[in-house]
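Note sheet for the following structure.
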2 protein chains.
Amino acid sequence: MDIREIARRAKVSTATVSRAINRVPTVDPQLAKRVWKVVDELGYYPNTQARALVLGRSRIFGLIVSEITNPFFPEIVQTFENLAVENNYEILVTSTVHDPKRMESSVRRMIERRVDGVAILTFGMEETLIEHLRFRKVPLVFIDVGPDVPGIANIRINYQNGIRQAVQHLAALRHTRIAFIAGPLHLKSALARREAFKVSMTEIGLSPELIVVGDHRMEGGMSALIELESLSNRPTAVLCSNDMTAIGVMREAYDHNIRIPDDLSVVGFDDIRMAEFTIPPLTTVQMSQHELAKIAFRALLNEVECEPSSQQHHKYELITSLVLRRSTALAPAGGHATTHLKANRATGSRKIPAAGSRS
Amino acid sequence: MDIREIARRAKVSTATVSRAINRVPTVDPQLAKRVWKVVDELGYYPNTQARALVLGRSRIFGLIVSEITNPFFPEIVQTFENLAVENNYEILVTSTVHDPKRMESSVRRMIERRVDGVAILTFGMEETLIEHLRFRKVPLVFIDVGPDVPGIANIRINYQNGIRQAVQHLAALRHTRIAFIAGPLHLKSALARREAFKVSMTEIGLSPELIVVGDHRMEGGMSALIELESLSNRPTAVLCSNDMTAIGVMREAYDHNIRIPDDLSVVGFDDIRMAEFTIPPLTTVQMSQHELAKIAFRALLNEVECEPSSQQHHKYELITSLVLRRSTALAPAGGHATTHLKANRATGSRKIPAAGSRS
DNA sequence: GGCGTGGCAGCAAACGTTTTCTACAACCGC
DNA sequence: GCGGTTGTAGAAAACGTTTGCTGCCACGCC
């Protein structure tokens with residue numbers, strides 16, 4: 001069913017149908033009404049790919065994220081989608097899952113579908129891939145980083161602010177041995193957070209020496225805690241590069257009967273929704289996913305719909321700030337007990353194999 | 001840059017370019033090589049919307065989920081995307097966020113973009129909306145429910161199996177007052193789980209009377225626990241309609257110093273990834289998101305790429321089964337203490353307002 | 001009353017592909 | 001050597017829209 005079918009039934013030309021559908025004001029109200037009636041009766045929906053072809057605009061925005069399974073991102077995707085719906089855009093979401101092949105395929109798919117703009121909310125995208133998009137003059141939005149030219153918006157994130165608050169908060173609780181569990185260091189965002197930690201520690205006269213590397217996932221938090229606990233100058237507080245890491249830390253601490261926050265204070269980063277529901281609720285640095293998505297979308301829309309002549313090179317900045325919950329407390333008097341790693345609880349999960357007779 | 005540009009530079013017709021690009025074997029290898037060279041040099045990518053227009057197939061699958069922010073779904077989306085990439089499809093994901101308006105917009109967007117099939121992994125989609133898709137002969141895949149006609153695949157989920165295991169597991173731990181926190185009862189899936197609970201309880205001679213209603217979110221779990229704790233015949237175990245509810249329950253229990261599993265056993269449903277990382281790790285009924293996505297994708301692909309004549313009305317079924325972790329234990333001797341609701345910890349979260357001077 | 005003008009509908013081209021059909025060349029067999 | 005057959009490239013139509021341009025009609029003005 002196409003526009004011609006409508007035209008036939010409404011006894012007008014396809015041009016008139018098109019104009020009626022698109023609410024072009026020069027069309028006679030009576031004709032328009034006739035068209036709408038037929039459109040409605042037949043349940044006609046315009047074919048957006050035909051429209052995109054002639055218009056040269058697809059009304060699709062690409063959204064490239066690291067992994068949609070990381071709870072940080074779904075919130076962004078949701079907000080982004082809400083805004084897209086409001087503005088009559090579609091979104092094409094792809095995960096890079098830290099795989100160069102997938103990054104490449106992400107970019108290729110965006111280009112093939114002729115998206116009108118791409119928000120790159122993943123880190124560690126290769127320069128040459130980005131060049132592919134830039135070459136085609138696809139408007140881009142980056143987090144943190146990206147070339148400093150018109151048509152490309154950068155969202156700067158003020159990591160320092162929130163991390164300084166976190167460090168000062170811990171220091172105020174008399175912690176001196178504060179560890180940092182970094183993210184994968186090939187990611188600029190992870191690097192930036194670690195640097196912010198170093199700066200903040202130095203500012204208050206502590207040496208930022210307890211730094212181990214995680215993977216921004218729960219597993220990395222778990223092994224990082226084991227690593228930290230095996231040290232002779234074990235920390236009394238640990239600041240994590242993201243919330244997932246912090247959740248892993250708390251989970252591992254649970255296995256070793258390390259009490260949070262009594263024995264060990266934990267601070268996360270991101271303030272994902274789950275942070276409010278961990279046990280104990282996680283003190284963390286908020287980096288509003290909602291705001292981030294809003295900024296990214298606005299930036300993209302601005303690039304696409306405004307005159308490129310206006311060359312307005314907006315500076316977008318997202319601030320971060322500490323949210324206090326209950327995973328931090330006064331430093332224990334003499335550091336926490338030394339037997340943690342021995343008090344292992346049973347771990348692992350078993351699965352019931354069959355349908356189960358009554359037991 | 002289009003196929004004609006390539007044709008001009010390779011000194012062949014557009015037909016040959018098209019054939020070369022699509023690896024049609026009848027094209028002269030030498031010509032093909034010439035075309036590929038130009039394609040490569042110019043960084044040409046075919047315009048999929050033009051292709052879709054003439055082919056009548058968009059190579060886009062729609063994926064309608066309830067809320068992408070519910071951790072159950074991102075796993076599905078990821079697996080679905082992986083399969084899509086492998087098979088050269090794109091996915092168009094929309095969240096209904098339990099909003100009729102958004103469901104409508106979801107369906108409209110799917111139709112406008114001319115998707116080749118839709119997996120409806122949300123519950124409570126209105127019949128008339130589905131009719132819109134069926135009317136256009138869009139292949140559909142449903143969870144649980146859906147019209148029983150060719151071109152529409154239903155993934156039946158065996159809730160009973162897993163829930164029976166859960167109930168029997170709790171009974172084996174000498175629990176007799178087992179509560180159930182249901183999901184929103186206008187959802188068929190929530191209803192089915194509750195029914196499975198009732199059946200399972202009855203099977204072992206317990207009466208399924210302790211049933212309260214949640215919302216499949218953490219907040220609902222929290223208030224449901226409060227409700228249950230205010231009862232005179234307070235439960236010693238609670239089975240939740242999904243894991244988010246269970247997380248809410250454990251979080252609320254924490255606030256009231258109800259120990260899990262010592263005072264209260266908790267069982268979830270879904271086995272989201274986070275279930276392994278809660279404190280304590282959550283015993284739950286697994287409903288593999290990975291499998292679910294695989295089945296949905298396969299069903300869709302089957303509907304789209306196979307002869308409609310084959311009429312193979314595959315039955316897809318997903319079984320569920322209990323995963324034991326550490327949120328369940330022997331029932332406390334005389335029920336747990338009665339003072340829970342009074343031993344309230346401080347709650348809520350505060351936010352540090354400004355950049356923070358040293359404290 | 002004639003001409004000019006404004007308003008509005010329709011024709012047709014264009015968007016970038018795929019594919020059918022035609023055409024041409026080369027080769028083979030008789 | 002010629003007709004037939006096979007193999008391969010190109011011309012052109014088609015997919016479903018939008019929109020510039022043309023042209024018609026009616027109205028108003030002189």
Side-chain angles (χ1 to χ4, degrees), chain A residues 1-36 38-39 42-60 88 90 108-116 136, chain B residues 1-36 38-39 42-60 88 90 108-116 136-138:
Chain A
M1 170 176 14
D2 57 7
I3 213 175
R4 283 179 307 231
E5 175 82 12
I6 309 293
R8 209 172 317 133
R9 303 212 187 201
K11 301 206 187 310
V12 295
S13 71
T14 60
T16 304
V17 176
S18 172
R19 286 192 273 251
I21 288 176
N22 292 306
R23 301 271 191 284
V24 173
T26 66
V27 59
D28 180 71
Q30 201 158 8
L31 277 195
K33 218 167 278 177
R34 221 160 76 207
V35 170
W36 293 335
V38 177
V39 163
L42 263 62
Y44 163 81
Y45 289 85
N47 182 327
T48 46
Q49 36 215 24
R51 177 181 283 174
L53 197 56
V54 44
L55 256 40
R57 308 242 270 101
S58 60
R59 294 198 85 84
I60 302 178
N88 256 295
E90 218 51 74
R108 183 180 48 71
R109 290 154 65 199
M110 300 282 162
I111 295 175
E112 284 184 352
R113 298 281 168 185
R114 300 292 192 269
V115 298
D116 291 340
R136 282 175 185 70
Chain B
M1 171 176 15
D2 58 7
I3 213 176
R4 284 180 304 232
E5 175 84 11
I6 309 290
R8 210 173 316 134
R9 302 211 186 202
K11 301 203 187 310
V12 294
S13 71
T14 60
T16 304
V17 175
S18 173
R19 285 192 275 251
I21 288 174
N22 292 307
R23 300 273 192 279
V24 173
T26 66
V27 59
D28 180 71
Q30 202 158 8
L31 277 195
K33 215 166 283 174
R34 221 161 76 209
V35 170
W36 292 336
V38 177
V39 163
L42 265 61
Y44 165 81
Y45 289 85
N47 182 328
T48 46
Q49 36 214 27
R51 179 180 281 173
L53 196 57
V54 45
L55 255 41
R57 309 243 269 101
S58 61
R59 295 199 84 83
I60 303 179
N88 255 297
E90 217 54 71
R108 184 180 46 71
R109 288 153 66 196
M110 301 281 163
I111 295 175
E112 284 184 350
R113 297 283 169 184
R114 299 295 191 269
V115 298
D116 291 339
R136 284 176 183 70
K137 310 232 179 304
V138 181

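For clarity, every value in this text was computed on a predicted model and none was experimentally measured. Below, chain A is the first sequence line, B the second, and so on; all start at residue 1.
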If you only use heavy atoms from C-beta on, which nucleotide in [options] is closest to the side chain of [X]?
X       : options                : value
B:Arg4  : C:dG16, C:dT18, D:dG10 : C:dG16
A:Leu53 : C:dT17, D:dG16, C:dT18 : D:dG16
B:Ala15 : D:dT19, C:dA9, C:dT19  : C:dT19
A:Thr16 : C:dT18, D:dT17, C:dA9  : C:dA9
B:Ser13 : D:dA11, D:dT17, C:dT19 : D:dA11
A:Arg19 : C:dG10, C:dT18, C:dT19 : C:dG10
B:Asn47 : C:dG16, C:dA9, D:dA11  : C:dG16
B:Arg51 : C:dA9, C:dT17, D:dT18  : C:dT17

Inset, instruction - With rounding to the nearest 0.5 Å, note down the distance linking CE in B:Met1 to CZ in B:Arg9. - result: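 Rounded to the nearest 0.5 Å, the CE-CZ separation comes out at 8.5 Å.
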Legend entry - B:Leu31 or B:Ala50, whichever maps to the more 5' nucleotide of DNA chain D: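 Nearest nucleotide further toward 5': that of B:Leu31.
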Legend entry - Side-chain donor or acceptor of B:Asp2 paired with backbone N/O of B:Arg4 under 3.5 Å: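 A pair under 3.5 Å: yes.
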Inset, instruction - Give a yes or no answer on whether the side chain of B:Arg34 reaches the backbone of B:Lys11 with a donor-acceptor pair at less than 3.5 Å. - result: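 Pair found, side chain donor or acceptor close to backbone of B:Lys11.
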Inset, instruction - Identify whether any heavy atom of A:Thr26 sits under 4.0 Å from a base atom; if not, whether one sits that close to sugar-phosphate; answer base, sugar-phosphate or nothing. - result: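 Sugar-phosphate: the residue A:Thr26, judged by heavy atoms under 4.0 Å, touches backbone atoms but no base.
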Just how far, in rounded Å, is [atom2] of [N] from [atom1] of [X]?
X        : N      : atom1 : atom2 : answer
B:Met1   : C:dT17 : CE    : C1'   : 15 Å
B:Arg34  : D:dG10 : CZ    : C1'   : 14 Å
B:Arg113 : D:dG16 : CZ    : P     : 17 Å
B:Gln49  : D:dT17 : CD    : P     : 14 Å
B:Asp2   : C:dA14 : CG    : P     : 13 Å
B:Asp28  : D:dT8  : CG    : C1'   : 8 Å
A:Ile3   : C:dC11 : CD1   : P     : 14 Å
B:Arg114 : D:dC15 : CZ    : P     : 14 Å

Legend entry - Heavy-atom closest pair, residues A:Pro46 and B:Arg114: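 Between these two residues, the closest heavy atoms are O-NH1, 3.4 Å.
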Legend entry - C:dT17 OP1/OP2 closer than 4.0 Å to side-chain N/O of B:Tyr45: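 Looking at the OP1 and OP2 atoms of C:dT17, neither is under 4.0 Å from any side-chain N or O of B:Tyr45.
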Legend entry - A:Arg109/A:Glu112 salt bridge by N-O under 4.0 Å criterion: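 Not counted as a salt bridge, because no side-chain N and carboxylate O are separated by less than 4.0 Å.
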